[in-house]
Engineer: 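Just passing along the structure, written as structure tokens.
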Amino acid sequence: MILNKKCLLTTACLVTALVSFGQNKNLKLFYTQPAAQWEETLPLGNGRLGMTPDGGISKEKIVLNDITLWSGSPQDANNYDAYKSLPKIRQLILEGKNDEAQDLVNRDFVCKGPGSGGPQWGKYQTLGALELEFTYKGISAAQPEVKQYQRELSLDQAVANCRFNVNGVNYKREYFTSFDDDLSVIRLTADQPGQLNLRILLNRPEKYAVKTVGHELQMSGQLDNGTDGKGMQYLTRVSARQKGGTLSADQHSLLIKDATEVVIYVAAGTDFKSFPFQEKTKQVLAAALKKPYELQKSRHMANYGKLFKRLSIDLGEGASAKLPTNIRLDGFYRNFEADPSLASLFFQFGRYLSISSTRVGLLPPNLQGLWAKEINTPWNGDYHLDVNVQMNHWPVEVANLSELNLPLAELVRGLVKPGQKTAKAYYNANGWIAHVITNVWGFTEPGESASWGASNAGSGWLCNNLWEHYEFSQDLKYLKSIYPILKGSAEFYKSAQIKDPKSGWLVTSPSVSPENSFYLPNGKTASISMGPTIDNQIVRELFGNVIKASTRLNIDAAFRAELQEALKSVPPAGVISKDGRIQEWLEDYKETDPQHRHISHLYGLYPASLISPFSTPELATAAKKTLEVRGDDGPSWTIAYKLLFWARLQDGNRAFKLLKEILKPTLRTDINYGAGGGVYPNILSAGPPFQIDGNFGATAGIAEMLLQSHDGFIELLPALPDAWKKYGNVKGFKARGNFTIDMSWKDGKITSYRIASPMAKKVKVKLNGELKEVIAQRL
Ligand code: FUC
């Protein structure tokens, strides 16, 4: 299909009479019970501080978080002799003795020490818990009789609440992590005077001391750094202001008696990057105590709304929208027609989580965003570079939260220096590399086991995220600032590649295809190989992006020429196996787990744009076959990734099927590597356990069903499922080239749309089966 022939140039303004956009209506999670387990609590966050109230009647537990609270410390776990084993490892791989090569990698080519299993490893940990112990006048039972219980989280206000009636008194609690003063706020009210009686406590599973100073409750401690024990320090301060009754303090708690209204303020901080946390928390608390509650709340909502309200989505609303969220989840798989707005709620929840779990100038969301309830957070709650942290950022550009990509760019910037040491130590190579895992302490070495730790893809994959921010924003200043990072990564791959004598291609060696393994002809298994497909795709994409960047910045012509030359020998975006799939490795090995959760060899389909039904139809067909064999289940992030793949393959109904899969309710919390992902009642995604990438991946996937812009043109409704055909409209999506898109559709056809950009410029757009060139309206 040569669509260019169909191109039309429409000079007129594109705005047609837009049908009225459905506002972000009914954007609430809603329940009729307190949370019985943490996975039912409501996540609140202001990009630094998090809290998850459970809405308990007699005892409320509110898990607290600070995104900067990490154990461990910077370490140099490079094996500086590793490069000496490189020729031997490479030789063994070339001889087809990958199992022997793997033994050698395990001996000489992993990090020194226990890596992510050791105490020096940076582990993201909970800050602790705020506990509120209530008594109700005239009620002696520990379980008072409760009527009309409701618990809600409003996504457009970033405020949670619960309400209930005990003994004829109506109680209300309201919670938010303020985007005004940087602290958490909880307001308790009773509709009859003097009915609030409670004790306020703080605790943590370990490394904490609690005391009161006047009417302020404090919890402080120091985490283990893995060397002399003097790791990161933290401090939490709690103050309360009440109307009616009294506030007093004993040694370890605050006591409220006979109040009618109480506002509790929780300030917290750590000494991460020498932040003056003691002084800052004091100031923030003092400022909040002086401010009327309503002012704090309205400023919080206004600041949050600046980001959240950039985009609205309406996919229709059914009768089920009024039901509690857990009941909606129970019904969705079979009766999705009754509840189209669950998908838009889930989409907006992903945006809500992005805004809540990161902020410019701080850290990117980790494996749990910023919500961790324990000391031993699953997988250390760190940053995994073989899909997870990248997936955390996939929705932010298209969903109009572009600046929330910047904390990741800064984390990556911090990996360059340590990554240069690692590149030299292991590959005697130029540039920088990061392998599979990192944390706030800048770890770039391979992981502690060859089977997963030796992937070369981490740093190149991160560069994709950095590049996408430029593609969407067109911010040349930003491009200039990240160019050395991209260039350094390309330098690594360029200098570490070897020539495969069979094909003549330049490939990485040793590496792995993330976490999968294969059978050798001798029946043995191995993970270590040369030139796994993902590495080839990453190198192809990265070299291309560095070439584009240097051209746009008009710098580095010589390096550009080198990359152009090298690209001639980089393997193609995909090789099709005997059975018609995209080959996962350079050799057509049989994988040990055909339904493995990682599907890294489709990196070229998403997030890269090397494979598409438009530009490489044969590879797209092979990608479909790959996905059929992999199946639709797995941990939630896998399901989300498959949703994205099917969206890119423009099969809306199959993508929607994956959306139904990920919205399957579960309460499982065991560590899962196989089938069984879904969402918890609070719609946080379940691997299980809770891992936030599934939320972000699914949010990106829903966007990808409605809008794509990776193939040189903007496509409206590229993968619209039957379930959303009838009607829909969205406002404020973003496309590459810094375009802002609004559109409405009916019966599967676009009825009106608007493409805007900061400057009037030409853009190709495909809609209703037609590709045309139009001029974007000025924003
Ligand atoms: C990767 C995945 C696991 C899990 C972990 C946090 O290693 O293979 O499923 O998501 O990251």
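When a residue number appears, it is its place in the shown sequence, counting from 1. Each ligand, and each atom within it, is numbered from 1 in the order the structure gives. Nothing here was measured: the structure is a model prediction, and the numbers come from that model.
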Engineer: Do Q368 side-chain atoms and F690 backbone N/O form a donor-acceptor pair below 3.5 Å?
Structural biologist: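 A pair under 3.5 Å: yes.
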Engineer: Looking only at N/O atoms, are R597 and ligand 1 under 3.5 Å apart anywhere?
Structural biologist: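 Looking only at distances, the answer is yes, because the N/O contact criterion of under 3.5 Å is met.
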Engineer: Please say which of E448, K123, H384 ends up in a side chain to side chain donor-acceptor pair (under 3.5 Å) with S116.
Structural biologist: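 Single pass found, and it is E448.
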Engineer: Who's the nearest protein heavy-atom neighbour of atom 7 (O) of ligand 1, and how far?
Structural biologist: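 Nearest neighbour among protein heavy atoms for atom 7 (O) of ligand 1, to 0.1 Å: E515 OE2, 2.5 Å.
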Engineer: Relative to ligand 1, is W637 under 4.0 angstrom through side chain, backbone, both or neither, heavy atoms considered?
Structural biologist: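 Looking at W637 and ligand 1, just side chain atoms fall under 4.0 Å.
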Engineer: Using a 3.5 Å cut-off on N or O atoms only, is Q691 in polar contact with ligand 1?
Structural biologist: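 By distance alone, the answer is yes.
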Engineer: L367 heavy atoms, cut-off 4.0 Å: which ligand 1 atoms fall inside?
Structural biologist: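 Selected atoms, number and element: 6 (C).
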Engineer: Relative to ligand 1, is T638 under 4.0 angstrom through side chain, backbone, both or neither, heavy atoms considered?
Structural biologist: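 The answer is neither; T638 stays 4.0 Å or more away.
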Engineer: By the definition side chain to side chain donor-acceptor pair (under 3.5 Å), identify the one residue from K664, E661, K660 that meets it with Y333.
Structural biologist: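 Of all the options given, the one that passes is E661.
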Engineer: For the pair N65 (side chain) and A372 (backbone), establish whether a donor and an acceptor sit closer than 3.5 Å, ignoring hydrogens and angles.
Structural biologist: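 Yes; judged by distance alone, with no hydrogens or angles, the pair exists.
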Engineer: Indicate yes or no: does E591 engage R581 in a salt bridge with an N to O separation below 4.0 Å.
Structural biologist: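 Judged by the 4.0 Å cut-off on N to carboxylate O distance, E591 and R581 do form a salt bridge.
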Engineer: Select one of side chain, backbone, both or neither to describe which atoms of D693 lie under 4.0 Å from any atom of ligand 1, heavy atoms only.
Structural biologist: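 Within the 4.0 Å criterion, D693 makes no contact with ligand 1.
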Engineer: Which residue and atom name correspond to the protein heavy atom nearest atom 6 (C) of ligand 1, and how close is it?
Structural biologist: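 Here the nearest protein heavy atom works out to W379 CD2, 3.4 Å.
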Engineer: Can you name the atoms of ligand 1, numbered from 1 with element, that are less than 4.0 Å from a heavy atom of H598?
Structural biologist: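 By the 4.0 Å cutoff, the relevant atoms are 1 (C), 2 (C), 8 (O).
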Engineer: So if I count the atoms of ligand 1 from 1 in the order they appear, which ones are less than 4.0 Å from some heavy atom of N388?
Structural biologist: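 Reading through ligand 1 atom by atom, the close ones are 1 (C), 10 (O), 11 (O).
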Engineer: Can you confirm, on distance only, whether ligand 1 has an N/O atom lying under 3.5 Å from any N/O atom belonging to H384?
Structural biologist: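 Between H384 and ligand 1, an N or O pair is found under 3.5 Å apart.
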Engineer: Do T508 and N456 get their side chains close enough for a donor-acceptor pair, meaning under 3.5 Å?
Structural biologist: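 Judged by distance alone, the side chains do not pair up.
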Engineer: Would you mind checking if K112 and D76 are paired as a salt bridge, meaning a charged N to carboxylate O distance below 4.0 Å?
Structural biologist: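 No.
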Engineer: Does R204 qualify as a cation-pi partner of Y234, given the criterion of NZ or CZ under 6.0 Å from the six-membered ring centre and within 45 degrees of its axis?
Structural biologist: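 Yes, cation above the ring, under 6.0 Å and within 45°.
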